[in-house]
Student: 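Below is a structure I'd like to ask you about.
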Amino acid sequence: MSAPAPSTLAIVDAEPLPRQEEVLTDAALAFVAELHRQFTPRRNELLARRGERRAEIARTSTLDFLPETAAVRADTSWKVAPAPAALNDRRVEITGPTDRKMTINALNSGAKVWLADFEDASAPTWENVVLGQLNLTDAYERRIDFTDPKSGKSYALKSADKLATVVMRPRGWHLEERHLQLDGVSVPGALVDFGLYFFHNAQRLIDLGKGPYFYLPKTESHLEARLWNDVFVFAQDYVGIPQGTVRATVLIETITAAYEMEEILYELRDHAAGLNAGRWDYLFSIVKNFRDGGSKFVLPDRNAVTMTAPFMRAYTELLVRTCHKRGAHAIGGMAAFIPSRRDAEVNKVAFEKVKADKDREANDGFDGSWVAHPDLVPIALASFDAVLGEKPNQKDRLREDVSVAPGDLIAIDTLDASPTYDGLRNAVAVGIRYIEAWLRGLGAVAIFNLMEDAATAEISRSQIWQWINAGVVFENGEHATADLARKVAAEELAAIREEIGEETFTAGKWQQAHDLLLQVSLDQDYADFLTLPAYEQLR
């Protein structure tokens with residue numbers, strides 16, 4: 001008697017989308033189902049381990065490099081696999097969601113790499129999940145174009161040699177995809193995004209002289225990197241491409257991962273391409289993990305925490321040293337400024353700040369950096385061209401002058417700045433505006449001339465939570481309390497209503513966003529990720 005056929009994935013509670021049958025083929029869904037069977041149990045164990053580690057930090061208020069992996073750090077013999085040609089020069093990378101217009105603009109932007117984002121810059125509506133996959137495949141097949149219905153402007157791809165190399169970012173391990181289930185259990189969003197993209201495009205990308213390249217977000221430990229590595233090994237065997245074809249760049253955007261950079265590269269060494277310094281999620285992670293640590297862990301206004309803060313310098317310089325010691329690329333942080341079409345003076349000041357930031361990264365030894373808008377590509381390019389010249393990277397700069405002690409990474413109290421009342425108001429304003437757009441399906445949103453994504457909302461609500469629970473007193477004498485946060489939120493909501501008009505306000509999700517921001521900012525039981533309760537409301 002033959003064994004029963006394995007269960008297949010069910011599409012649950014989802015309206016049919018145009019051309020979805022090209023993405024959700026039986027073969028692709030069978031692959032995602034197999035990834036789910038093989039790896040979701042370990043993913044669940046690792047999520048539980050995050051909670052245990054967080055409890056340990058709450059008890060000790062400290063972190064250290066891991067004693068059990070000291071041998072990996074001490075062994076100077078290992079390196080990551082050499083970079084493939086398409087990923088050897090990464091001096092400027094542009095980020096953004098995979099809607100049709102952005103796909104064309106990012107590929108045409110002049111950046112070396114496009115981070116095609118299914119994570120923080122994309123609200124995970126079913127439409128964004130499925131049609132984003134379709135847009136990437138259409139781009140590789142050169143059958144993509146777009147006409148803006150408002151302006152009538154048309155967009156089309158440049159010649160193949162002028163297009164950015166795609167590095168795709170799936171969702172983090174913590175998120176589910178409720179519309180794809182196996183035996184009533186939702187598949188992790190990470191496996192859905194990775195699985196559909198890899199299955200449809202791995203061979204296609206090889207044929208184009210590139211490959212399936214990934215950014216791995218929200219990683220908290222080398223064990224999570226090991227899980228990803230096992231996913232890559234399984235996937236390459238499944239579709240019959242050589243081991244080592246996949247390349248992954250890991251975002252070091254959690255404080256725990258900052259203590260395991262070498263171990264993360266080691267676990268992925270046959271598939272590793274580099275590490276990236278992600279600023280807002282990193283600060284969010286510090287607040288989340290050390291929220292019981294008292295006043296010495298209280299962050300000032302987010303705009304006061306620049307990359308020149310001593311604890312941020314320690315983090316970025318350690319990242320460069322670690323990457324270059326192991327032959328990996330070190331990729332710098334985001335320039336999030338969005339140029340104003342109306343205010344040349346705002347642009348002038350912002351462009352100078354972006355240039356200074358990119359000059360610093362290039363001179364520190366980074367091999368490339370991120371921008372959020374095509375207009376910033378030439379600025380970042382000039383900073384890295386000045387240092388790199390014709391060289392594709394500067395991995396030969398080993399930065400052996402850098403020495404970082406465990407306490408340096410969490411020396412928050414070295415910052416000469418304090419939370420301000422205006423900082424609270426800004427956190428509330430940005431939080432409401434971003435969450436409202438996210439609930440409408442937009443993950444990358446221009447707010448006050450900055451491109452904001454989910455990490456922005458996380459740092460906003462985390463700072464509100466931290467300042468209230470730490471009993472912060474602002475410079476104007478006001479105490480950070482839940483009542484003050486509610487008062488400021490009500491005022492911001494009224495100001496938005498007046499700014500956009502009653503009709504637009506009513507058509508949006510403003511009250512819902514206001515309520516959700518206050519929920520995750522004021523609940524005594526701190527939600528691990530804002531996107532978990534928000535996803536329940538995303539339709």
Side-chain angles (χ1 to χ4, degrees), residues 39-69 72-73 119-120 169-176 188-191 193-194 214-232 248-268 271-272 274-293 297 311-312 314-316 318-319 322-323 331 333 406 409-410 412 453-455 458-459 462 526-532:
F39 299 108
T40 296
R42 263 176 65 199
R43 170 265 200 177
N44 294 342
E45 290 168 10
L46 289 169
L47 290 183
R49 186 178 179 275
R50 286 182 178 182
E52 293 160 10
R53 194 170 195 192
R54 192 356 247 165
E56 178 67 10
I57 294 169
R59 193 178 63 77
T60 63
S61 283
T62 193
L63 273 170
D64 203 344
F65 302 111
L66 300 179
E68 63 267 30
T69 53
V72 170
R73 297 193 298 278
E119 200 234 359
D120 273 4
R169 181 162 71 167
R171 280 169 281 182
W173 282 124
H174 60 287
L175 289 165
E176 312 282 4
L191 296 180
D193 298 339
F194 166 81
F214 298 92
Y215 259 110
L216 305 181
K218 307 284 192 289
T219 300
E220 297 198 13
S221 75
H222 70 286
L223 298 179
E224 295 179 17
R226 182 183 298 170
L227 174 57
W228 268 119
N229 197 71
D230 291 346
V231 169
F232 298 154
T249 305
V250 180
L251 291 114
I252 303 298
E253 57 184 351
T254 67
I255 186 62
T256 51
Y259 287 85
E260 300 182 36
M261 292 188 207
E262 284 194 79
E263 294 90 331
I264 285 167
L265 286 176
Y266 180 78
E267 294 294 344
L268 285 159
H271 300 108
L275 303 177
N276 166 273
R279 177 175 168 193
W280 293 136
D281 262 321
Y282 189 72
L283 295 176
F284 155 53
S285 172
I286 290 172
V287 174
K288 175 160 66 173
N289 280 287
F290 289 94
R291 62 183 184 267
D292 317 292
F297 290 104
F311 71 100
M312 296 299 276
Y315 150 63
T316 54
L318 179 63
L319 188 145
T322 302
C323 285
I331 307 298
L409 293 168
I410 49 174
I412 314 303
D453 69 8
E458 292 287 23
I459 188 64
S462 296
Y526 180 96
D528 278 344
F529 293 95
L530 156 72
T531 45
L532 293 172

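All heavy atoms count here, side chains included; hydrogens, waters and symmetry mates do not. Note that the numbering runs from 1 along the sequence shown for the chain.
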Student: Go through it in stages, so that I can follow the logic: the residues are L409 and L63, the test is side chain to side chain contact (heavy atoms under 4.5 Å, CB included), and I'd like the CA-CA distance, side-chain angles, deciding distance and then a yes or no.
Tutor: CA-CA 9 Å; L409 293 168; L63 273 170; over 6 Å; no

Student: Please say whether more than 12 non-hydrogen atoms of neighbouring residues, nucleotides or ligands are located less than 6.0 Å from CZ in F39.
Tutor: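 Buried by this count: over 12 neighbours within 6.0 Å.
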
Student: How far does CG of L275 sit from CG of L319, to the nearest 0.5 angstrom?
Tutor: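 So the gap between those two atoms works out to 5.0 Å.
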
Student: Measure across T219 and L216 and return the closest heavy-atom pair with its distance rounded to 0.1 Å.
Tutor: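 Where T219 meets L216 most closely, the heavy atoms are OG1-O, 3.9 Å.
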
Student: Run the side chain to side chain contact (heavy atoms under 4.5 Å, CB included) check on L223 and R49 step by step: do they pass?
Tutor: CA-CA 10 Å; L223 298 179; R49 186 178 179 275; 3.5 Å; yes

Student: Evaluate the criterion side chain to side chain contact (heavy atoms under 4.5 Å, CB included) for residue pair L283 and F311; output intermediate values, then yes/no.
Tutor: CA-CA 11 Å; L283 295 176; F311 71 100; 4.0 Å; yes

Student: Looking only at atom types and distance, does a side-chain atom of Y259 sit under 3.5 Å from a main-chain N or O of L66, one as donor and one as acceptor?
Tutor: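 It does not hold such a pair.
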
Student: Only one of R50, R43, R53, R42 passes salt bridge (charged side-chain N to carboxylate O under 4.0 Å, His left out) with E224; say which it is.
Tutor: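 The single option meeting the salt bridge (charged side-chain N to carboxylate O under 4.0 Å, His left out) with E224 is R50.
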
Student: Can you see which heavy atom on L268 is nearest to which on A225, and at what distance?
Tutor: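 Looking at all heavy atoms of both residues, the closest pair is CD2-O, 3.7 Å.
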
Student: For side chain to side chain contact (heavy atoms under 4.5 Å, CB included), just list the numbers for W173 and E220, CA-CA rounded to whole Å, side-chain angles, deciding distance to a tenth of an Å, and then say yes or no.
Tutor: CA-CA 10 Å; W173 282 124; E220 297 198 13; over 6 Å; no

Student: CD/E263 to CZ/F65 distance, rounded to the nearest 0.5 angstrom?
Tutor: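 The CZ atom of F65 is 9.0 Å from CD of E263, to the nearest 0.5 Å.
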
Student: Could you pull out the closest heavy-atom pair between R54 and F290, with the gap in Å?
Tutor: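 That closest heavy-atom pairing would be NH1-N, 4.5 Å.
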
Student: Drop me the distance from L265's CG to E267's CD, to the nearest 0.5 angstrom.
Tutor: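 If we round to the nearest 0.5 Å, L265:CG and E267:CD are 10.5 Å apart.
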
Student: Which atom names give the shortest non-hydrogen contact between L227 and L46, and what distance separates them?
Tutor: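 Residues L227 and L46, closest heavy atoms: CD2-CD1, 3.7 Å.
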
Student: If only atom types and distance count, is the side chain of T254 paired as donor or acceptor with the main-chain N or O of S285 below 3.5 Å?
Tutor: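 No; judged by distance alone, with no hydrogens or angles, the pair does not exist.
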
Student: Does E458 reach the main-chain N or O of L530 with its side chain, forming a donor-acceptor pair under 3.5 Å?
Tutor: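 A pair under 3.5 Å: yes.
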
Student: Answer whether the closest heavy-atom distance between the side chains of T531 and R171 falls below 4.5 Å.
Tutor: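 A side-chain contact under 4.5 Å is absent here.
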
Student: Any idea how F232 and F214 line up, ring-wise: parallel (<30°), tilted (30 to 60°), or perpendicular (>60°)?
Tutor: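 If you compare the ring of F232 with that of F214, the planes turn out parallel.
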
Student: For A55, enumerate each residue passing the side-chain contact (heavy atoms from CB on, under 4.5 Å) test, keeping only those at least two apart in sequence or located in another chain.
Tutor: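 Not a single residue meets the side-chain contact (heavy atoms from CB on, under 4.5 Å) criterion with A55.
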
Student: Working to the nearest 0.5 Å, report the span between CD1 of I410 and CZ of F297.
Tutor: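 Between I410 CD1 and F297 CZ, I get 4.5 Å after rounding to 0.5 Å.
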
Student: So, using side-chain contact (heavy atoms from CB on, under 4.5 Å) as the criterion, who are the partners of E56 when residues are at least two apart?
Tutor: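 Once residues adjacent in sequence are excluded, the partners of E56 under the side-chain contact (heavy atoms from CB on, under 4.5 Å) criterion are R59, T60.
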
Student: For a side chain to side chain contact (heavy atoms under 4.5 Å, CB included) with I57, tell me which candidate from T256, T62, D292, I255 qualifies.
Tutor: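 Option passing the side chain to side chain contact (heavy atoms under 4.5 Å, CB included) with I57: T256.
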
Student: Kindly indicate whether the side chain of E253, heavy atoms from C-beta on, has any atom under 4.5 Å from the side chain of P217.
Tutor: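 In contact.
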
Student: Might you point out which heavy atoms bring D528 and F284 nearest each other, and give the distance in Å?
Tutor: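 Looking at all heavy atoms of both residues, the shortest contact is O-CZ, 3.4 Å.
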
Student: What heavy-atom pair brings A190 and P170 nearest, and what distance separates the two atoms?
Tutor: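 Reported closest heavy-atom pair: O-CB, 3.9 Å.
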
Student: Supply the atom-to-atom distance E119 CD to D453 CG, rounded to the nearest 0.5 angstrom.
Tutor: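 Here the interatomic distance stands at 7.5 Å.
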
Student: I would like to know whether R73 and E262 meet salt bridge (Lys or Arg N to Asp or Glu O under 4.0 Å); could you show each step before the answer?
Tutor: CA-CA 6 Å; R73 297 193 298 278; E262 284 194 79; 5.3 Å; no

Student: Can any side-chain N or O of Y315 pair as donor or acceptor with the backbone N or O of I252 at less than 3.5 Å?
Tutor: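 Indeed, once roles are kept as given, a pair shorter than 3.5 Å links the two residues.
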
Student: Run the salt bridge (Lys or Arg N to Asp or Glu O under 4.0 Å) test on K218 and D120 for me, step by step, so that the C-alpha distance in whole Å, both residues' side-chain angles and the decisive distance to 0.1 Å come before the verdict.
Tutor: CA-CA 10 Å; K218 307 284 192 289; D120 273 4; 2.9 Å; yes

Student: Quick check for you: to the nearest 0.5 Å, what is the distance between Y266 atom OH and H222 atom NE2?
Tutor: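 Output value for this atom pair is 10.5 Å.
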
Student: With a 4.5 Å limit on heavy-atom distance, are the side chains of L532 and L175 in contact?
Tutor: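 They are in contact (side-chain heavy atoms under 4.5 Å apart), so the answer is yes.
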
